[in-house]
There are 2 protein chains.
Amino acid sequence: MNVRGLCLAILYFGDATGYEIRKQAQEGVFSYFIEASYGAIYPALGKLTEEGLVSWREEVQSGKPNKKIYTLTPAGKAAFIKDLSGEPAPDKFKSEFLLMMMCSELLEPQRVERLIDAQLAMLEEKIGEMNAAYKECTREGSRYALTCGIQSYTQAIDHLRQSRKNLVDQAGSARGDDAGPPQPLASMAKEARR
Amino acid sequence: MNVRGLCLAILYFGDATGYEIRKQAQEGVFSYFIEASYGAIYPALGKLTEEGLVSWREEVQSGKPNKKIYTLTPAGKAAFIKDLSGEPAPDKFKSEFLLMMMCSELLEPQRVERLIDAQLAMLEEKIGEMNAAYKECTREGSRYALTCGIQSYTQAIDHLRQSRKNLVDQAGSARGDDAGPPQPLASMAKEARR
DNA sequence: GCTCACATGTAATAAGTTACATGATTTC
DNA sequence: GAAATCATGTAACTTATTACATGTGAGC
């Protein structure tokens, strides 16, 4: 689902400004499984307005630009339901942290320690945010999505704490120019054996 | 990390063709946290060759295009280590499935059931692949990354099995044109109250 | 006979990121 | 005095996706 669908989804749950949509995607109920930047949201909202799928009213403010509060139109709700009728794209997870852990034999042990601690802190912060969102959340779907995130991150913390020592201990073992090739990956062994 | 870094990473573990790199990213040790398509890999490999970070040799084959087996050059290894020295980009997870679950009150119960079953099947398949990769895997970093994925998906299956009934039962409750606005999300309540 | 695995690559297009531009108010 | 929050938006740029093009051999 692209930013368009994401705006539709968030607006389905209630009126919001572009700013608030981004916040939902960053800290709210959607934060576990959605991404969106201003540079994507504002243009998307403009386009949705053109298409008649959302409308907006202005709320005057002083000192900041006036708020533009967007609402899903009936056509917008219909479009959203239609979007929802397709097959979901496969889940995607990307982690540079894990890539670095895979290559930690090339990193200084101290750096590996710092990376791990930063990751643990990040995971704890996200759990905090999700717990906060969970408290006031009554819909079954939202509760399911949030507990997915909370449980997943909680487990990631446990696992990382347990692995920390091993990861740090073997770090740096392949540094230096003379360090030959690494042990090949299992699935590449065939290739390497030739 | 973009496709360039990913090619460097995979080639660090051993020589490979573009085809094999994609496979690693799709089913191998990297599959849990990396994505890459041919349309991204082949051009990246060409560019890396120009920059002198990788080199290749040809292996003649009949019936298929000759294999181009890429190797990381010393300059490439150095560049990779340098890439690794930056701060890792934050992890990213995207899931249309979870978005659909959040909106399952708009979906027919039968469809929710089908979506859940497909998701469970997908999770099981991925676990199978990762277990296979794990068996022959000795590096600490790789084992950590793989167990991350295996544990995470295993938990996701448990959680989804437990939630299945609740999700299906409440599905469809907001279908129809007359279904008023949904219960607003917690963080939007303030907005809605005005 | 059909589909999958193998194997390379290009080109058009879609999509989103980053940085910029502006500026008051609040908190540390 | 600095940084974060609120609040909008644009433009240049990067990046990757999708579909196409080509072709054999193996297994069902």
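In this text, all values refer to a predicted model and were calculated from it rather than measured experimentally. Per chain, numbering begins at 1; letters A, B, ... match sequence-line order.
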Engineer: Round to the nearest Å and state the distance from A:Gln26 atom CD to C:dG16 atom P.
Structural biologist: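 Going from CD in A:Gln26 over to P in C:dG16 covers 16 Å.
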
Engineer: What are the bounds, 5' to 3', of the part of DNA chain D that sits under 4.0 Å from heavy atoms of chain A?
Structural biologist: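 Listing 5' to 3', DNA chain D meets chain A from D:dT5 to D:dT10.
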
Engineer: Do A:Ser104 and A:Gln170 meet the criterion of a side-chain donor-acceptor pair at a distance under 3.5 Å?
Structural biologist: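 Yes.
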
Engineer: How about B:Phe30 and B:Phe13: are their ring centroids closer than 6.0 Å?
Structural biologist: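 They qualify: ring centres under 6.0 Å apart.
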
Engineer: Between B:Arg57 (CZ) and C:dT8 (C1'), how many Å, whole number?
Structural biologist: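 The distance from CZ of B:Arg57 to C1' of C:dT8 comes to 17 Å, rounded to the nearest Å.
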
Engineer: Measure from the side-chain heavy atoms of B:Lys64 and tell me the nearest of C:dG16, C:dC6, C:dT8.
Structural biologist: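 So the nucleotide nearest the side chain must be C:dC6.
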
Engineer: Any heavy-atom pair between the side chains of B:Leu160 and B:Ile116 that's under 4.5 Å?
Structural biologist: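 Of all side-chain heavy-atom pairs linking B:Leu160 with B:Ile116, at least one is under 4.5 Å.
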
Engineer: Quick one: B:Lys67 NZ to C:dA5 P, roughly how many Å, whole number?
Structural biologist: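 Nearest whole value for this atom pair: 16 Å.
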
Engineer: Would you say a side-chain N or O of B:Gln61 is under 4.0 Å from OP1 or OP2 of C:dC6?
Structural biologist: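 Checking C:dC6 against B:Gln61, no side-chain N or O comes under 4.0 Å of OP1 or OP2.
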
Engineer: Would you check if there is a donor-acceptor pair between the side chains of B:Arg22 and B:Tyr38 at a distance under 3.5 Å?
Structural biologist: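 Yes - a donor-acceptor pair under 3.5 Å links their side chains.
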
Engineer: We want to know whether B:Asp91 and A:Gln119 form a side-chain donor-acceptor pair, criterion being a heavy-atom distance below 3.5 angstrom.
Structural biologist: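 Side chains of B:Asp91 and A:Gln119: pair found under 3.5 Å.
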
Engineer: Among residues 31-41 of chain B, which ones have heavy-atom contacts with DNA chain D below 4.0 Å?
Structural biologist: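 Close to the strand are B:Ser37, B:Gly39, B:Ala40.
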
Engineer: Between A:Pro65 and A:Asn2, which residue's closest nucleotide on DNA chain C lies nearer the 5′ terminus?
Structural biologist: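 Of the two residues, A:Asn2 wins.
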
Engineer: What's the spacing between A:Gln151 CD and B:Ser152 OG if we round to 0.5 Å?
Structural biologist: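 Interatomic distance, A:Gln151 CD to B:Ser152 OG, rounded to 0.5 Å: 10.5 Å.
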
Engineer: Rounding to a whole Å, what distance do you find between B:Glu58:CD and C:dA7:P?
Structural biologist: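 Between P of C:dA7 and CD of B:Glu58: 13 Å.
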
Engineer: Tell me the interatomic distance from B:Tyr42, atom OH, to C:dA11, atom P, rounded to whole angstroms.
Structural biologist: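 Taking OH of B:Tyr42 and P of C:dA11, I get 16 Å after rounding.
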
Engineer: Determine the interplanar angle of the B:Tyr153 and B:Tyr32 rings, folded into 0 to 90°, and report it as parallel if under 30°, tilted if 30 to 60°, perpendicular if over 60°.
Structural biologist: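 Judged by the thresholds at 30° and 60°, the geometry between B:Tyr153 and B:Tyr32 is perpendicular.
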
Engineer: Check the distance between C:dT22's C1' and A:Asn66's CG and give it to me in whole angstrom.
Structural biologist: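 It works out to 14 Å between those atoms.
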
Engineer: Output yes when A:Arg139 and B:Glu105 qualify as a salt bridge under the 4.0 Å nitrogen-oxygen rule, no when they do not.
Structural biologist: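 A salt bridge links A:Arg139 with B:Glu105.
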
Engineer: Heavy-atom nearest nucleotide on DNA chain D for A:Lys68 versus A:Glu27: which residue maps closer to 5'?
Structural biologist: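 So the residue in question is A:Glu27.
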
Engineer: Just the rounded figure in Å: distance from P of C:dT8 to CG of B:Leu45.
Structural biologist: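 It works out to 9 Å between those atoms.
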
Engineer: Can you classify the ring geometry of A:Tyr144 versus B:Phe97 as parallel (below 30°), tilted (30 to 60°) or perpendicular (above 60°)?
Structural biologist: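 Plane angle over 60°, so perpendicular.
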
Engineer: How close or far is atom P of C:dT8 from atom NZ of B:Lys23, stated in whole angstroms?
Structural biologist: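 Taking atom P of C:dT8 as the reference, NZ of B:Lys23 is at 12 Å.
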
